[in-house]
**Q** 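Structure incoming, see below.
In what follows, every chain begins at residue 1, and chains take the letters A, B, ... in the order their sequences are listed.
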Amino acid sequence: MNDALAKNINAIDFASIRKDFPILDQDVNGYPLVYLDNAATTQKPQSVIQSLKNYYSRNNSNVHRGAHTLSDRATADFENARVEVQHFVNASKREEIIWTRGTTESINLVAQSYARPRLTNKDIIIVSAMEHHSNIVPWQMVCEQTGATLKVIPVNDQGELDLSAFQDMLSEQVKMVSVGHVSNALGSINPVKEIIEAAHAVGAKVMIDGAQAAPHFAIDVVDLDCDFYAFSGHKLFGPTGIGVLYGKESLLESMQPYQGGGEMIEVVSFDKTTFNQLPYKFEAGTPNIAGAIGLGAAIQYLNQFDRLELQRYEDGLLELATEQALATDDIKLVGTAKNKTGVLSFLIEGTHPHDVGTLLDQQGIAVRTGHHCAMPIMKQFNIPGTIRASFSFYNNQQDVERLFAAINKVKTFLV
Amino acid sequence: MTNPFGTTITSSDIVEDLSFFDSWEDRYRYIIDLGKQLPAIDESLKTDDRLIQGCQSQVWLEPYYHNGVLSFDVDSDAHIVRGLLAMVMSAYNNKPPAEIQAFDIDSFFNDIDLVKHLSPTRGNGLRAMVQKIKTIAQSNGPS
């Protein structure tokens, strides 16, 4: 056991945290489940499951419009969840928190409502080479629609952004920079504060894809000074189908909605329709009420812990896994950035990731294999994909040991 | 190396062999071994137009129609998928189109307990390959 694990086990009772997640207590293919696919989606604590059950059993009703008690209760819980999120990212106002279906929809909203009406064929959008497809394709679509150019920050062999190349790319033509806070495929933590400051110096706006960051450390949008920040509920121990877009109020005020419908309007007539105020003007249709309430419960669950302690514990697990990987013949790590969190991406020489994933699954170990929706960075490393073990605070040392015992068994089949 | 699947190794041979194994280890060693008996296709055939893209592994397929019989060159970059391809070939390779169309592949996969490998979400290209072979059989078969 390394120091980080030893120290944190004393501070927080991680064995009891694990019991908060009922799904972890089961056998898969005859073995106790080891869930190491947390970067794809996290498991849900009992309190989140209970909040969904409570909502549907007691309070289900449409929000903001009913003249009855259930609607009042649903509305109060739904809006309280928004305030939970506001505090969670340290936003100044609840109006800056927009509910979406997830990070993908948040990025598309900014691409269509902020970038599309403002950009021309003289303008530039910058993303990085390690982005998830959901932080590439929405910008490619805007470029197609406006004639703007998409430029890409290069990534070095360790999986770190080349910041001096980024500096050289900056000019007054750059209107939008959108980068991931943490890479889903490599685990690299990107220096977004530095990127935001540099982009602002040339007048560009910055969007941060925080899908892989929010589950691992505290987010402070005021300190970062980002213009937009997105994350997904299901990667943050909450339900699927709910996500968040934070935007600076002045920017959100200046943007036109790209989806129309109920809820987002003020007055509708066939002559002229006026839009509702923030945040509702971006929330057309009946929202994912249960999802928002469940996400609020997930944040409340996290708030009971010192998140720095959780992060140190997770870093300890990653460190332990990295040590074991380095001590195992034939393993090649993909993504060795100095600053990493949550993700061990690797290959076993002479094997295909898909084979390894299948044989790990037979031993009750859940990992992700493939290109992780980040084909450009896989192409840069000239690999078909990786095996990705991703950690959360409910994982433990035994999970890491089971993973490597299972890997050694897989090697007897394939190497 | 000639392709033994569909001739010396039939689909019923595979169903029978697999029925003897109790452990996942034996089953997967067998599947990987079947893959090793499948001749690798020529690198020059691994082109994009023969590629059936999956999100986790890739499959290449080249069909031949000769003397009323369909045969196939198939390959994958993953060992277990090669084994699964060998199983599919035991049912489809060197068969008249009508026989391919008549073969109940879903029951076969059920019998060998490989249905989960064929769910669309696995993204290994196998389901798409089976669909493509059926389409080829249909367009070459009696209408």
**Q** Measure the CG-CZ distance between A/Leu359 and B/Arg29 for me, rounded to the nearest 0.5 Å.
**A**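 Here the rounded value is 9.0 Å.
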**Q** Tell me whether A/Gln26 at atom CD has more than 12 heavy atoms from other residues, nucleotides or ligands lying less than 6.0 Å away.
**A**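 Count over threshold, so yes.
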**Q** Nearest 0.5 angstrom please: A/Thr358 OG1 to B/His79 NE2, how far?
**A**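 Going from OG1 on A/Thr358 over to NE2 on B/His79, the span is 12.0 Å.
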**Q** For B/Asp49, does the CG atom have more than 12 heavy-atom neighbours from other residues, nucleotides or ligands under 6.0 Å away?
**A**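 Above 12, so yes.
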**Q** At under 4.5 Å between heavy atoms, what parts of residues 17-26 of chain B are in contact with chain A? List them by residue number.
**A**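 Listed by number, the contacting residues are B/Trp24, B/Glu25.
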**Q** Sequence neighbours left out, what passes side chain to side chain donor-acceptor pair (under 3.5 Å) with B/Thr8? Give chain and number order.
**A** none
**Q** For A/Asp27, I'd like to know if atom CG has over 12 heavy atoms of other residues, nucleotides or ligands within 6.0 Å.
**A**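 Yes, enclosed.
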